[in-house]
Structures are given as C-alpha cells and as structure tokens.
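Counting convention: from 1, in listed order, for ligands and their atoms alike. Quick caveat: nothing in here was measured; it's all calculated off a predicted structure. Position 1 is the first residue of the sequence, and the numbers go up from there.
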Amino acid sequence: MLRTGGPQDGGEEEEEEEEEDCPELVPIVVQQQQTEEEEGKPDPCAKIPVTIITGYLGAGKTTLLNYILTEQHNKRIAVILNEFGEGSALEKSLAVSQGGELFEEWLELRNGCLCCSVKDNGLKAIENLMQKKGKFDYILLETTGLADPGAVASMFWVDAELGSDIYLDGIVSVVDSKYGLKHLMEEKADGLINEAVRQVALADIVIINKTDLVAEEELIKIRTLIRVDLSNVLDLHSFDNLSGISLQKKLQHVQTTQPHLDKSIVTVTFEVLGSATEENLNIFIQNLLWEKIVKNKADSTMEVIRLKGLVSIKDKPHQVIVQGVHELYDLEETPVRWEDDTERTNRLVLIGRNLDKEILKHLFIDTVTKKKESS
Ligand SMILES: Nc1nc2c(ncn2[C@@H]2O[C@H](COP(=O)(O)OP(=O)(O)OP(=O)(O)O)[C@@H](O)[C@H]2O)c(=O)[nH]1
Ligand SMILES: [Zn+2]
C-alpha cells in the first residue's frame with residue numbers, strides 16, 4: 001500500500017545507510033573489519049560466532065537478516081528466530097524468505113544456509129544447532145522486538161565458561177528512523193525498562209533504518225538521541241573489545257539496574273477461514289491503524305505497534321503478506337500459491353496495547369468476511 005518492493009529493496013537501503021551513517025554513529029567499524037578478516041581464514045576448529053540482531057518491533061531486523069542471507073553466498077549461516085510464542089506458527093512462515101520464497105523450520109536454503117526458527121528461548125535451539133555444527137559457520141540470532149538483548153546475550157557468556165563452541169561476536173541493533181524516536185523517548189511506568197533504549201544501549205553497532213521515510217532533520221534528531229543513549233547509559237565503548245569480561249560487566253550493570261519488562265504490550269493472533277476483498281481488508285486495517293476507532297471492552301483504544309499477517313485476497317491466486325508498523329502498512333503478494341480454495345485462510349498477528357482477541361477476530365469477520373459475501 002504505502003510502500004512497494006520486497007525485502008531485498010529494504011536490505012539494499014540498509015546497507016547504504018550502514019555505510020553512510022554508521023561510522024558517525026558508533027566507533028565500531030574497526031572491530032567489524034577485524035571480525036571480517038578473522039572470518040576470511042577458514043579454521044575447522046574455530047568457534048562459531050553468533051551475532052544478535054535486535055531492535056524494536058518492526059524496526060527491520062528480518063529485512064536485515066534476509067539481506068545478509070542473500071548476500072553471503074559463500075557462508076553457511078544458521079538463523080535462529082527468537083520469536084513470540086503465541087504467534088510462532090505464523091512468525092515462522094513469515095520470518096525468513098529468500099529469493100521471494102518462504103522457508104519454514106529446518107530447511108536447507110539454496111545457498112546453503114540453515115534456517116532454524118524457535119519459539120522458545122534460544123538455548124535449546126543453540127544446543128540443537130551445535131549438533132549440526134559441521135553444517136554452518138555462522139549463527140544469526142534475531143530477537144523479538146520486545147527482547148532484552150542482555151538476557152539473550154548473557155546465555156553466551158554463561159555458556160562460554162562451560163567451554164562452549166559458540167561465542168558472541170556482537171549485538172547489532174536496528175532502529176526505525178520513523179518511529180525510533182517515539183520508542184526511545186517513551187516514558188515507562190515506574191520501574192519498567194524501555195526496551196528500545198536497552199537495545200540501543202547494548203548494541204555494538206546501530207543501524208538506522210528506513211531513512212527513506214523521514215526528512216533529514218528527523219534523522220539528525222534520532223542520530224543525536226542514539227549517541228546520547230550510547231554514551232550516557234553505560235559507558236559502553238570505554239571497555240568495549242567484545243571480550244567476555246567486558247560484555248559481562250555491561251550485562252551485570254544493566255540487569256541490576258533495570259529488572260522489569262513491560263507487560264502492557266500483548267500479542268494477539270487469530271485465524272479466519274476464507275478470502276477477503278482487498279477493499280474490506282484495507283477498511284479493517286485502517287480503522288485500526290489510522291482511524292483508531294477500535295476499542296476494547298474497557299473502552300480503551302487498541303494501539304497496534306506491529307501487525308503481520310498472511311491473508312487470502314479474493315481472486316488473487318497467491319498468498320498475500322500484510323506488514324504493519326504503527327500506522328504504516330502494506331500488502332505484498334508472495335510467490336506462494338494457494339493450492340486449492342479449501343485451504344484459503346487469513347492469519348493475523350497483532351502486537352500492541354489494549355488488544356482484545358475476540359473483538360478483533362469478530363471485527364475481522366464482520367468487516368472482511370461478511371461484507372465480502374454481500375458484495
Ligand atoms: N520504507 C521502508 N520500509 C522498510 C525498510 N526496511 C524494512 N521495512 C519494512 O518494515 C516492516 C518491518 O520490517 P521487518 O524486517 O519485518 O521488521 P522486524 O524488526 O523483523 O519486525 P519484528 O520481528 O516484527 O519486530 C516491513 O514492512 C518492511 O518491509 C526500509 O528501509 N524502508
Ligand atoms: Zn522480524
């Protein structure tokens with residue numbers, strides 16, 4: 001709708017941004033180059049590096065991941081998605097795509113990447129991956145948008161003490177140019193941490209994404225804020241050499257100062273069989289994201305931060321993906337065909353505040369399915 005083009009377009013933009021913006025943001029480029037040199041020398045006994053890709057809901061983590069997978073043809077990369085439990089089935093099918101195709105769990109990708117998506121915490125998945133160690137030489141771990149990357153990262157230094165074969169190479173944080181400021185500035189209720197701030201504070205590299213959506217002034221604001229966060233919160237780079245000890249210090253500091261996560265953000269998933277007309281689907285989404293007229297039982301407006309869906313549009317042979325971040329959304333046709341009409345269905349995941357599953361599902365049926373029948 002508001003934006004056309006596949007994940008690769010986004011990825012290319014991201015790389016340009018990284019080249020243009022990141023050197024100014026974080027003095028980490030040198031370390032990144034060292035890492036790349038190290039990786040250039042193949043070593044059968046080498047430990048497997050893990051890069052954590054973090055960033056707030058919808059910031060562009062999966063887009064970056066897909067870009068790396070598409071570009072790195074000479075490396076076999078394992079991908080771990082640390083996604084939300086409830087929406088996991090849908091998350092999985094939406095999460096990793098390559099060359100426009102969607103991949104599910106444990107599939108060998110065409111360029112040799114191995115994709116493992118897990119709904120529960122990463123440790124088990126990593127153990128599973130370890131058994132297949134010979135099959136890949138890099139692990140990318142995408143956290144959920146609400147993750148505390150510190151908690152995810154800490155499992156690597158705990159493991160390192162036990163003589164693990166994997167080590168944490170770094171934390172990359174993706175920030176949305178359009179909504180990042182809002183997320184970073186958000187005042188949380190007493191004692192709650194701001195996940196977006198934490199994600200930036202723990203990052204070794206920050207990628208400012210979606211620069212196409214904002215004017216230069218806005219970009220300057222977000223850059224400045226990120227610099228402030230990086231320098232204020234933790235003194236990160238005064239002892240940042242990616243060694244286990246410095247990371248451990250960072251994490252201890254963060255964990256003792258800010259223990260709570262925001263529980264007011266919930267995930268709702270539902271499925272409705274059949275097909276939608278594009279028009280009615282747009283009405284449903286716009287009432288929710290633009291008009292903000294959808295309320296819960298307590299008469300509070302439902303606030304959608306992230307919307308993802310796999311839907312069936314009437315008369316379209318292919319499955320359509322819905323992607324939304326705050327009020328921006330688009331519908332994108334996938335190359336995957338519906339095999340036959342009986343399997344046509346609409347699966348939606350919404351993440352935000354005051355969301356009520358029953359109300360949303362019924363509204364979807366009323367707006368999208370019923371209107372379709374009468375038209
Ligand atoms: N305009 C624009 N849109 C982008 C860019 N990068 C990503 N997007 C879009 O932003 C939306 C979210 O991207 P994802 O990569 O799925 O974000 P994510 O961080 O993995 O999302 P979650 O895992 O749900 O938190 C998608 O609709 C992308 O197409 C960009 O550079 N410009
Ligand atoms: Zn993602």
S.K.: My understanding is that only one of T301, N287, V304 makes a side-chain contact (heavy atoms from CB on, under 4.5 Å) with V294; could you say which?
M.R.: N287
S.K.: Could I get the full list of salt bridge (charged side-chain N to carboxylate O under 4.0 Å, His left out) partners for D341, not counting sequence neighbours?
M.R.: R344
S.K.: So, E218 versus S177: side-chain donor-acceptor pair below 3.5 Å or not?
M.R.: no
S.K.: If the plane angle is over 60° it's perpendicular, under 30° parallel, otherwise tilted; pick one for F364 and F284.
M.R.: perpendicular
S.K.: One residue to check: T62. Relative to ligand 1, which of side chain, backbone, both or neither has a non-hydrogen atom less than 4.0 Å away?
M.R.: both
S.K.: Just to be sure I'm reading this right: ignoring hydrogens, which of Q323, E142, E332, K210 gets closest to atom 9 (C) of ligand 1? Compare them by their nearest heavy atoms.
M.R.: K210
S.K.: Given that the side chain starts at C-beta and the backbone is N, CA, C, O, which of these parts of K61 lies under 4.0 Å from ligand 1, counting heavy atoms, or is it both or neither?
M.R.: both
S.K.: Is it the side chain (CB and beyond), the backbone, both or neither of T63 that lies under 4.0 Å from ligand 1, heavy atoms counted?
M.R.: both
S.K.: Once you measure the plane-to-plane angle for Y329 and W290, does it fall in the parallel (<30°), tilted (30-60°) or perpendicular (>60°) bin?
M.R.: tilted
S.K.: Write out all pairs satisfying ring pair (Phe, Tyr, Trp, His ring centres under 6.0 Å) with one or both partners inside residues 205-227, taking only residues at least two apart or from two chains.
M.R.: none
S.K.: What part of L64, side chain from CB on, backbone N/CA/C/O, both or neither, has a heavy atom under 4.0 Å from ligand 1?
M.R.: neither
S.K.: Need one value: angle at the Zn ion (ligand 2), T62 atom OG1 versus E142 atom OE2, rounded to 10 degrees.
M.R.: 90°
S.K.: Please determine whether any non-hydrogen atom of K178 lies less than 4.0 Å from an atom of ligand 1.
M.R.: no
S.K.: Please identify which atoms of ligand 1 are closer than 4.0 Å to at least one heavy atom of K308.
M.R.: 22 (P), 23 (O), 24 (O)
S.K.: Any non-hydrogen side-chain atom of I265 less than 4.5 Å from a side-chain atom of I305?
M.R.: yes
S.K.: Does ligand 1 have an atom under 4.0 Å from some heavy atom of G55?
M.R.: no
